Structures are given as structure tokens and as C-alpha cells.
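What follows is one structure encoded as C-alpha cells, with my remarks underneath.
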2 protein chains.
Amino acid sequence: MEKKEFKAKVFGELAGLAKALAHPFRLQIIDLLAQSSRTVEEIAAQLNLSMANASQHLQILKGVNLVHVRKEGHYAHYYLADAKVVAVWQSLRELGMERLAEIERTLNDFRSQKHSFQAVTIDELLLKMEQDNVVILDVRPEKEFRAGHIPGALSIPIDQLLNRIAGLPLGREVVVYCRGPFCVYADEAVELLQNQGVPACRLEEGFPDWKSRQLPFHAIPD
Amino acid sequence: MEKKEFKAKVFGELAGLAKALAHPFRLQIIDLLAQSSRTVEEIAAQLNLSMANASQHLQILKGVNLVHVRKEGHYAHYYLADAKVVAVWQSLRELGMERLAEIERTLNDFRSQKHSFQAVTIDELLLKMEQDNVVILDVRPEKEFRAGHIPGALSIPIDQLLNRIAGLPLGREVVVYCRGPFCVYADEAVELLQNQGVPACRLEEGFPDWKSRQLPFHAIPD
DNA sequence: AATCTATTCAATGGATTCATTGATTAATTG
DNA sequence: CAATTAATCAATGAATCCATTGAATAGATT
């Protein structure tokens with residue numbers, strides 16, 4: 001094989017991979033699948049897409065082996081092919097947060113509006129956990145909590161939080177987490193808790209970040 | 001700001017970043033700039049592009065802040081904006097090598113043709129270095145060696161190797177490295193050395209990988 | 001068998017990306 | 001100041017990407 005042909009082939013394949021990532025909806029799909037598997041219908045609903053459109057984007061991701069399908073009944077459950085997919089998504093995210101001023105600005109605007117500017121990092125949370133003076137709150141949907149969560153975390157999906165706020169243990173600081181830095185659940189939860197007089201802050205990252213750092217996690221099988 | 005608007009903005013920006021990576025030439029440019037800065041002309045020559053085309057691709061990378069320019073005389077020296085750019089490129093590369101069978105096949109085909117199938121990883125090289133029974137050979141162009149290299153490595157650019165082979169220290173195994181897993185210099189060097197009766201193998205990764213693992217390195221200022 | 005439902009397929013036009021070409025800019029040299 | 005050189009700009013058509021639409025498939029239910 002020719003040297004030139006070799007390079008063209010390898011870099012061409014990798015560019016194809018990058019192309020599969022190069023669409024807002026497909027990045028959102030990856031962000032969702034990093035939590036737990038989902039049907040086409042669920043994805044379409046979450047992202048406000050038509051089924052056909054969601055299906056097409058999933059085909060593209062499948063075409064470069066980033067996701068797999070498991071067919072059950074007449075549902076197609078899509079899931080990420082590999083933890084490395086999350087790794088790429090994370091490093092792209094970090095690069096973006098560092099290099100694109102626009103992202104940081106948008107993030108700050110949104111957070112200040114939700115009154116949850118001060119976020120805690122995973123490292124800071126780990127310290128607090130050692131001292132055992134923190135309540136960890138997972139506000140993602142139950143299915144995602146069951147698929148994996150921070151050990152000891154309480155599961156209260158965001159849409160039940162207002163009703164179940166009384167059940168929270170008192171006297172300890174509350175740290176809320178959700179899907180990741182671009183997920184708004186935690187921000188909404190912090191806003192709600194603070195309005196009710198409960199001191200709270202959000203975790204900067206989300207569960208997939210916890211998991212990919214090889215920290216221990218719990219999962220609840222069906 | 002609306003929740004939907006927020007997501008659209010953030011994921012849109014990140015998709016734009018991915019789009020900038022989604023072209024074979026632009027990935028090659030990043031791979032090159034990970035070694036050392038370069039002028040437009042040098043990049044165009046390396047990749048066999050017209051100046052105008054090379055310039056356009058660089059504009060795209062500059063547009064999303066992945067590269068910066070330093071103008072000197074009438075040369076424009078382009079360089080990577082940040083070590084995180086290399087990190088994304090590396091994780092994309094790894095994902096590709098794991099998920100795209102086509103890449104692994106191409107790699108194996110090429111290497112077996114060059115008789116350099118057995119490659120050594122950085123971890124393995126570190127072990128050999130501890131035991132001090134290895135000659136490390138950097139076959140990249142001198143400028144890249146000066147910009148940074150593995151401590152103790154010998155610099156013999158690939159096009160001088162045949163003439164200078166006699167000057168190599170005897171009795172120790174030779175490990176050759178170059179720009180990265182998709183760079184062919186090391187393969188060509190191994191083929192050449194083996195043909196001359198010198199036992200040699202290549203380092204799987206390249207210098208940027210060594211550097212981004214926070215291992216110590218030497219640089220020679222101008 | 002007929003119906004229903006989740007998903008995929010196929011075709012369509014509008015938008016974007018790409019390489020090429022030739023012109024233009026801006027710094028350096030004669 | 002004219003000429004040279006590295007780089008960028010602007011315009012062009014070809015190719016590709018994308019969302020929408022309506023039809024097709026295939027598993028489950030009646």
C-alpha cells in the first residue's frame with residue numbers, strides 16, 4: 001500500500017467519526033445515552049424530534065459503530081457501544097468550555113438566572129463525603145438512577161421534588177446532581193430548594209463523569 | 001433564557017467544534033501542529049494541498065479557536081491553541097482504533113508490509129528505560145525534535161538514517177519513535193534498520209502522546 | 001387474517017461544505 | 001518605488017448534509 005493511500009484511509013475514517021459527532025442533536029443523543037439506554041421514541045420525545053428524524057440520526061451513529069441496538073418486542077433500544085464514546089464526548093465538552101467563550105457566557109447567564117452560580121466539583125464533593133456532612137440528591141428520572149448512581153445518593157426526580165421536599169434529611173448541606181454540566185435539572189432543583197429555604201448547590205459534572213473517573217457507583221438491576 | 005434555547009446554543013457550539021474536526025485534512029493538520037508550529041506553506045507542502053486550500057482549512061480551525069497564528073515577516077506561523085486540542089484528537093483516535101475495524105485492518109496491512117508488526121507501547125518503553133538497555137531514536141525532522149523529545153533520545157531524521165546508521169551505539173535494542181501511531185516514519189526506519197541487520201521496533205505512540213502523559217521531556221530553544 | 005404501533009426507508013428540495021481558480025493584501029527585497 | 005513572496009479573499013459549481021413527507025416493514029395484539 002502506498003504511504004499516501006494509507007494516510008488518506010486512516011484520516012478519512014477518523015474524519016467520518018468526527019462527522020458523526022458534528023451535529024447538535026447527535027451530541028445530545030450521546031449525552032442522553034450516557035445515562036441509560038433509550039428507545040427511538042424516548043429520544044425523539046426528549047429532543048423534540050420527529051421519529052423519522054431521530055431514527056435517521058441514530059442510523060448515522062450506528063453507521064460508525066458508536067451505538068448499538070437491542071430489539072425487544074417492537075421497541076429498538078439504543079445504547080452506547082463503549083465507554084470510550086463518553087470519553088470523547090467529555091474531552092470535546094472540556095475543550096469547548098475552555099476555547100469557546102460563547103459557551104461559558106451562556107452557561108453563566110443561565111445559572112445566574114437560576115440562582116445556582118456556585119457549583120461544586122466532583123473533587124470537592126468527595127471531600128465533603130469523607131466528612132459525612134452532605135446529602136447527595138439525584139434528580140434524574142428513576143430509570144437513569146437505577147442504571148447507575150453515586151453511592152448513598154437519594155433519588156427524587158425533578159418533577160417530584162416539590163412534593164417530597166419535606167422528606168429530606170435536615171441539617172446537612174444538599175448537593176444536587178443530574179446528567180452533566182449542560183443538564184438543567186440540577187439548576188432547577190437548586191432554585192426550587194433555595195426558594196424553600198433549603199441551602200443547596202449543584203454538582204458541576206454529572207453521573208457519567210463520576211462513573212468515567214472510575215469512582216464506585218451503585219446500580220439497581222430490573 | 002429558555003431551557004430549550006440554552007441547550008440549542010451550547011450543543012450547537014460544541015457541534016461546531018466537532019465540525020471543525022470533521023475533515024481528513026484538518027485532522028492531519030492538528031496531528032502536525034501537535035509536533036511543532038508550522039507556516040501555511042509547510043502545511044500545504046506536507047499534505048499536498050494548494051496554499052489557498054491549506055489556508056482555508058486553517059481559517060476554519062482558527063474560527064473555533066483551536067489554533068492561533070503568530071505573524072513573523074511575511075510568514076504566518078500556526079500553532080495549537082491548547083494541550084486540550086491534542087487530548088481530543090487522541091481520544092478520537094483511540095475511539096476510532098477501537099470501534100472502526102477498517103482502521104485496524106489498514107494499520108495491520110501497512111505494518112506487515114513494512115515488517116514492523118511488533119510495536120512497543122510507552123509503558124513498555126518506560127520499563128526498558130529503567131533497565132537502561134535501549135537506544136531511543138527520534139526520526140522526525142530536526143525542528144520537531146528541538147520542539148520537544150523523549151529525554152536521551154537520539155535525533156536522526158528519517159532521510160538521513162541510511163547514512164548515519166553506522167554511528168548508532170551497538171549492542172542495545174533500538175526503539176524508534178515519530179509523530180504518532182499513524183506516522184509512517186518509524187515504520188520506514190524499522191524496515192531500514194532491520195534490512196541492515198539492526199534489531200529494531202517502533203513505539204506505538206508518538207511524542208505528543210508521551211508529552212500529554214505528563215512524562216518529562218527535553219526541548220532545545222532556538 | 002386484520003389491525004396497530006414503533007421503526008425504518010426513500011425521495012424531495014434547501015442549505016452547507018468543499019476544492020479550484022484568479023484576484024488581492026501586506027510585508028520584504030532589489 | 002517596483003517586484004517578489006506568503007497568505008488571504010471572493011466567487012464558482014459539484015458534492016454532501018439535513019428535515020420533512022409519505023410509504024413500507026415487522027412484531028404484537030385482537
Side-chain angles (χ1 to χ4, degrees), chain A residues 4 7-8 11-30 32-33 36-79 143, chain B residues 4 7-8 11-30 32-33 36-79 143:
Chain A
K4 227 171 133 178
K7 288 229 165 179
F11 283 87
E13 293 280 335
L14 289 172
L17 200 56
K19 214 174 272 186
L21 298 175
H23 191 287
F25 291 149
R26 292 199 288 271
L27 287 180
Q28 286 191 67
I29 289 175
I30 288 171
L32 280 176
L33 294 185
S36 68
S37 69
R38 273 175 167 75
T39 66
V40 181
E41 204 177 20
E42 289 170 329
I43 291 169
Q46 274 274 335
L47 305 188
N48 256 306
L49 301 181
S50 70
M51 288 259 304
N53 198 6
S55 178
Q56 279 180 342
H57 283 297
L58 285 164
Q59 301 298 318
I60 290 172
L61 292 174
K62 198 176 64 167
V64 290
N65 250 296
L66 293 184
V67 304
H68 289 154
V69 204
R70 186 182 59 245
K71 302 217 171 179
E72 270 177 27
H74 43 208
Y75 290 90
H77 295 263
Y78 279 84
Y79 56 99
K143 183 188 177 188
Chain B
K4 228 170 133 180
K7 288 229 166 179
F11 283 87
E13 292 280 336
L14 289 172
L17 200 54
K19 215 173 273 188
L21 299 175
H23 191 288
F25 291 148
R26 292 199 289 270
L27 287 180
Q28 287 190 67
I29 289 174
I30 289 172
L32 280 177
L33 294 185
S36 69
S37 69
R38 274 175 166 73
T39 66
V40 181
E41 204 177 23
E42 288 169 331
I43 290 169
Q46 274 275 336
L47 306 187
N48 256 307
L49 302 180
S50 70
M51 287 259 304
N53 198 7
S55 177
Q56 278 179 343
H57 284 297
L58 284 163
Q59 301 299 317
I60 290 173
L61 291 174
K62 198 175 63 165
V64 290
N65 251 297
L66 293 184
V67 305
H68 288 154
V69 204
R70 186 182 58 248
K71 302 218 173 182
E72 270 177 27
H74 43 207
Y75 289 91
H77 295 263
Y78 279 85
Y79 56 99
K143 184 188 176 187

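Being a predicted model, the structure only gives us computed values, none of them experimental. In what follows, chains carry the letters A, B, and so on, assigned in the order in which the sequence lines appear, proteins first and then strands, with residues in each chain numbered from 1.
Ring orientation note: the planes of B/H23 and B/H57 are tilted relative to one another, at an angle of 30° to 60°.
Whole-Å rounding puts the B/K19 NZ to C/dT16 P distance at 9 Å. Computed from coordinates, the B/L61 CG to C/dT17 P distance equals 14 Å when rounded to whole Å. Atom NE2 in B/H57 sits about 7 Å away from atom C1' in C/dC18, given to the nearest Å. Rounded to whole Å, atom C1' of C/dA10 lies 10 Å from atom CD of A/Q56.
Here the closest non-hydrogen pair linking B/S37 and B/R70 is OG-NH2, 3.9 Å. For the pair B/K19 and B/R26, the tightest heavy-atom approach, listed with the atom from each and the gap, is O-NH2, 3.2 Å. Of all heavy-atom pairs between B/V67 and B/L58, the closest is CG2-O, 4.1 Å. The two residues B/F25 and B/L47 have their closest heavy-atom pair at O-CD1, 3.8 Å. When all heavy atoms of A/S50 and A/A44 are compared, the closest pair comes out as O-CB, 4.1 Å.
A side-chain contact (heavy atoms from CB on, under 4.5 Å) with A/S55 holds for exactly one of A/V40, A/I60, A/I43; it is A/V40.
For the pair A/E42 and A/K143, the minimum side-chain heavy-atom distance is below 4.5 Å. Inter-residue side-chain proximity for A/L14 and B/L21 is flagged as unmet; no heavy-atom pair is nearer than 4.5 Å.
Taking only side-chain nitrogens and oxygens, A/Q59 comes nearer than 4.0 Å to OP1 or OP2 of C/dC9.
We find the CG-CZ distance between B/L32 and B/R38 to be 4.5 Å, quoted to the nearest 0.5 Å. Distance check, rounded to the nearest 0.5 Å: OH of B/Y78 to NZ of B/K62 gives 4.5 Å.
Only A/G73, A/H74, listed by number, bring a heavy atom of residues 66-77 of chain A to less than 4.0 angstrom from any atom of DNA chain D. Sorted by residue number, the members of residues 47-55 of chain B with any non-hydrogen atom under 4.0 Å from DNA chain D read B/M51, B/A52, B/S55.
Taking every nucleotide of DNA chain D with any atom under 4.0 Å from a non-hydrogen atom of chain A, the first and last of them, 5' to 3', are D/dC17 to D/dA28.
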